[in-house]
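Computed from a predicted model, the values in this text were never measured in an experiment.
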Amino acid sequence: RILCQQVPIMCELCNNAEGFVKPDIVFFGERTPEKFHSRPGDFEKCDLLLVLGTSLKVTPFNTLPGTVRVVTPRVLVNREKVFGRGDYPLDFDSRVHYRDVFV
């Protein structure tokens with residue numbers, strides 16, 4: 001429907017004119033949900049970080065790969081290498097940062 005420019009897409013289950021269907025993502029310019037700020041410990045508990053299909057250009061999301069523990073492997077599955085920002089950006093070419101893998 002989006003490709004046919006039939007937007008916004010309405011919820012087919014409830015048939016409510018105010019029941020727009022929106023993906024569970026944050027669009028550029030939107031505020032991040034409260035749960036994003038209230039769960040900082042999730043990344044500290046992470047055993048493996050998968051980063052999928054992103055440019056890592058938008059803050060605060062481009063700093064998230066650097067918030068996992070320094071021993072946590074980080075795998076980027078993407079069309080191109082991106083690095084992010086912050087204290088510990090992704091580093092695929094350094095022998096020191098063996099934990100970062102680009103696929």
Side-chain angles (χ1 to χ4, degrees):
R1 290 185 194 176
I2 292 173
L3 296 176
C4 296
Q5 297 184 3
Q6 295 177 345
V7 182
I9 300 173
M10 302 298 197
C11 177
E12 293 177 0
L13 294 176
C14 64
N15 239 354
N16 183 344
E18 295 180 20
F20 299 124
V21 175
K22 178 188 178 290
D24 191 17
I25 61 172
V26 177
F27 289 109
F28 183 77
E30 283 187 322
R31 294 181 59 164
T32 53
E34 184 56 39
K35 67 181 176 181
F36 175 81
H37 302 284
S38 64
R39 310 248 350 222
D42 288 350
F43 282 87
E44 295 169 4
K45 297 175 190 173
C46 179
D47 293 324
L48 170 68
L49 180 67
L50 298 175
V51 182
L52 308 170
T54 180
S55 66
L56 286 180
K57 291 184 179 179
V58 179
T59 301
F61 301 102
N62 59 1
T63 62
L64 292 178
T67 61
V68 296
R69 294 173 294 146
V70 295
V71 295
T72 302
R74 305 181 299 182
V75 179
L76 173 68
V77 180
N78 214 20
R79 289 185 181 174
E80 56 193 24
K81 286 183 182 179
V82 294
F83 305 97
R85 294 185 161 242
D87 294 336
Y88 301 101
L90 296 168
D91 183 358
F92 306 106
D93 301 321
S94 170
R95 290 183 180 171
V96 176
H97 293 275
Y98 61 90
R99 69 182 179 143
D100 296 337
V101 177
F102 172 68
V103 180

Quick one: closest heavy-atom pair of [X] and [Y], and the distance?
X	Y	result
V51	P65	CG2-CG, 4.3 Å
E44	R69	O-NE, 3.1 Å
V70	R99	O-CD, 3.3 Å
G84	P89	O-CB, 3.9 Å
F92	L76	CZ-CD2, 3.6 Å
D91	R74	N-NH2, 4.3 Å

T72 side-chain N/O to C46 backbone N/O, donor-acceptor pair under 3.5 Å: yes
Test item: R85 side-chain N/O and G66 main-chain N/O as donor-acceptor pair under 3.5 Å: no
Quick check for you: to the nearest 0.5 Å, what is the distance between T67 atom OG1 and L49 atom CG? 7.5 Å
OG1 (T54) and CD (E80) are apart, to the nearest 0.5 Å, by 10.0 Å
Are the side chains of T32 and F61 in touch, meaning some heavy atoms are under 4.5 Å apart? yes
Check whether any side-chain heavy atom of N78 sits under 4.5 Å from a side-chain heavy atom of F102, and report yes or no. yes
Applying the 4.5 Å side-chain criterion to the ILVMFWY set and letting contacts propagate, would L90 and Y88 be lumped into a single cluster? no
Tell me who clusters with L52, hydrophobic residues only, linked when side chains sit under 4.5 Å apart either directly or through other members. L48, L50, V75, V77, V101, V103
K81, NZ atom: more than 12 neighbouring heavy atoms under 6.0 Å: yes
